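Written below as structure tokens is the structure these notes are about.
These numbers were taken from a predicted model, which means no experiment stands behind them. Remember, it's 1-based here, ligands and their atoms both numbered in the order they're listed.
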Amino acid sequence: MSQTLQDRELAAVIGLEVHVQLETETKIFCNCSTTATENEEPNTRTCPVCLGLPGALPVLNEAAVESAVKIGKALSADIPEETTFHRKNYFYPDLPKGFQLTQYDAPICADGELELRVEGERRSIGIRRAHLEEDPGSLQHEGGNIDTADYTLVNYNRAGTPLMEIVTRPDFRSPAETRAFLAKLEEVLEYLGVFDATRDGSLRVDANISIVAAADVSEGGEISEAVLENANRTEVKNISSHRAAEDALAYEVTRQRNAVQRGRAVEQETRHWDESRGVTVSMRSKEAEKDYRYFREADLPPLQVADWKERIPIPELPDARRERFQAEYDRSEEAASKLTSRKAVADLYEEVAEEFDPGLAATWVADNLLGELNYRDMTVADITARLDEFEELVRLVAEDEVTTKNAEEVILRQMLDDGESPHEVIEAEGLGKASGGEVEQAVTEAIEENPEAVEDYHAGEGGALNFLVGQVMAKTGGSADPGTVNQLLREELAS
Ligand code: ADP
Ligand code: MG
Ligand code: ZN
């Protein structure tokens with residue numbers, strides 16, 4: 001590329017390799033648990049298989065394959081008749097066998113896509129492949145980081161945790177698109193029930209990026225294989241959040257653009273995202289595929305998965321559900337998006353909407369409940385055992401047994417803060433809505449007891465009515481509707 005290229009004459013090309021941890025009970029090739037217990041000792045969730053002891057044989061976890069098939073279906077990917085496993089050979093202390101069991105030329109998913117929206121625009125990101133593999137163990141650097149530690153400990157508890165590596169085509173044109181993609185991917189994975197975003201380290205991303213001449217990008221955003229092949233790219237590792245992906249790539253776009261504009265070549269290399277400093281640093285020259293000496297894992301026979309695709313159902317996915325909510329419950333696109341981005345929220349909404357009213361359900365689920373949960377750093381997942389109580393609260397509002405104001409500002413909040421049921425809060429706070437008779441009684445009393453205010457009212461003093469409303473509210477313990485009280489007082493005082 002010539003030295004004179006201007007910023008606008010350059011385009012960023014980005015592709016992601018996303019590792020997601022699959023939510024299975026046991027590891028991918030043995031019976032060890034995948035779930036860490038609190039303060040567990042290192043190297044306790046291990047066995048001869050995940051420690052790579054001689055003679056130990058892997059047995060493939062069916063649940064991991066099912067998860068992979070679900071992901072493949074959700075990404076509209078091809079699932080082949082037969083899929084195989086390979087050994088990827090390299091030495092690292094967290095890899096006891098000296099190779100990682102992964103997939104190579106016959107992955108379980110190929111040629112898929114994921115649709116998303118970025119700044120109002122519809123985009124489709126191609127998925128080149130997605131394959132199953134095992135996670136290595138983890139290293140613990142004592143007394144510092146990898147450069148400064150006195151020594152390093154190895155913990156194999158994580159070794160053998162099932163991962164799905166999802167490799168996109170280089171279809172991203174900006175760091176912001178990768179963030180939107182990761183959010184959408186997590187939504188879909190969560191719907192499938194194969195992934196838990198709240199688990200530490202459950203999402204890890206390698207981001208590939210190069211800079212090409214804008215002229216090489218077609219109107220439709222396509223770039224020829226030759227251009228992609230020839231562009232020098234870097235692979236940025238150590239990205240563990242959507243935000244980090246966007247930040248690391250933004251840094252790398254600027255760094256590479258600067259190099260290209262000054263006529264310097266971008267080194268083809270692997271770089272490390274240093275989150276605390278907000279920079280990428282060179283780690284090593286990029287390894288080539290041949291360096292890994294991939295060969296077939298002879299201890300695992302080829303797996304026939306042709307009929308799994310039919311056999312394993314997947315639920316309605318967020319996009320389809322959002323569109324259905326718009327049509328079926330007459331919600332705006334924005335409201336429907338909010339209601340469908342988490343499956344548990346969408347499920348709750350549907351239950352409440354069917355029983356009561358779609359509008360009331362939307363207010364209570366999307367605005368009130370999500371708002372109060374968010375404020376407390378909670379999600380619907382934290383109250384799954386109490387959804388009946390929430391529905392009961394909506395019923396009390398729908399049937400006018402409590403005021404909306406009390407339900408929103410007192411009952412729901414105390415339910416979340418103190419773990420009380422709606423009826424416990426109502427009882428404790430005396431929030432049962434006063435019956436019509438009680439309110440009328442209180443109105444009569446307030447008028448009898450406050451002749452001066454009545455006189456003032458008839459004399460046209462504005463504050464008098466408010467005073468009387470206040471008296472009635474006090475008598476009913478705040479459980480009357482102020483509008484109704486106002487109305488009743490006017491009628492009573494007029495007669
Ligand atoms: P490798 O064999 O080096 O891992 P792959 O073809 O498997 O390369 O692609 C790895 C990742 O690199 C994919 O996510 C792909 O989209 C991305 N990629 C390929 N070409 C480019 C490019 N020119 N610029 C940025 N990313 C690219
Ligand atoms: Mg690769
Ligand atoms: Zn094991």
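- The distance between the ring centers of Phe181 and Phe172 falls below 6.0 angstrom.
- Remark: Asp307 CG is packed, more than 12 non-hydrogen atoms of other residues, nucleotides or ligands lying under 6.0 Å away.
- For Glu235, the closest heavy-atom approach to ligand 1 does not fall below 4.0 Å.
- Only the backbone of Arg169 comes within contact range of ligand 1, with a heavy atom under 4.0 Å; no side-chain atom does.
- Two rings, from Phe325 and Tyr349, have their centers less than 6.0 Å apart.
- At a heavy-atom cutoff of 4.0 Å, ligand 1 is contacted by no atom of Val212, backbone or side chain.
- Considering Tyr104, Phe85, Tyr90 as possible partners of Tyr294, the one that fulfils the ring-ring contact (aromatic ring centres under 6.0 Å, His included) test is Tyr104.
- Shown in contact with Ile209 at under 4.0 Å from a heavy atom are these atoms of ligand 1, numbered in order with element: 25 (C).
- When the shell of 6.0 Å around CZ of Arg376 is examined, it contains more than 12 heavy atoms from other residues, nucleotides or ligands.
- Remark: among candidates Arg233, Arg129, Glu17, Gln268, the nearest residue to atom 19 (C) of ligand 1 is Arg233, based on non-hydrogen atoms.
- Contacts of Leu16 with ligand 1, taken as heavy-atom pairs under 4.0 Å, involve the backbone alone.
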Criterion side chain to side chain donor-acceptor pair (under 3.5 Å) on Thr148 and Asn145, from CA distance to verdict = CA-CA 5 Å; Thr148 60; Asn145 61 29; 3.1 Å; yes
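- Atom numbering of ligand 1 starts at 1 in the shown order; those under 4.0 Å from a heavy atom of Val167 are 13 (C), 14 (O).
- Within 6.0 Å of CD in Glu81 there are 12 or fewer heavy atoms belonging to other residues, nucleotides or ligands.
- Close approach of ligand 1 to Leu228 is summarised as follows: ligand atoms under 4.0 Å from at least one heavy atom of the residue are 23 (N).
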Between Arg87 and Asp299, does a salt bridge (charged side-chain N to carboxylate O under 4.0 Å, His left out) hold up when you go through it step by step?
-> CA-CA 10 Å; Arg87 297 181 174 190; Asp299 292 334; 3.7 Å; yes
For Asp291 and Lys88, what are the C-alpha separation, side-chain angles and deciding distance, and is it a salt bridge (charged side-chain N to carboxylate O under 4.0 Å, His left out)?
-> CA-CA 9 Å; Asp291 296 335; Lys88 180 179 181 180; over 6 Å; no
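- The backbone and the side chain of Val13 each have at least one atom closer than 4.0 Å to an atom of ligand 1 (non-hydrogen atoms only).
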Salt bridge (charged side-chain N to carboxylate O under 4.0 Å, His left out) between Arg117 and Glu333, worked out = CA-CA 12 Å; Arg117 261 165 195 280; Glu333 182 174 341; 3.6 Å; yes
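- Between the CG atom in Leu116 and the CD1 atom in Ile125 there is a gap of 5.5 Å [rounded to 0.5 Å].
- For a distance threshold of 2.8 Å, the protein N, O or S atoms nearer than that to the Zn ion (ligand 3), listed by chain and number, are Cys30 SG, Cys32 SG, Cys47 SG, Cys50 SG.
- Nearest residue to atom 15 (C) of ligand 1 from Asn208, Thr168, Ile14 is Thr168 (criterion: closest heavy atom).
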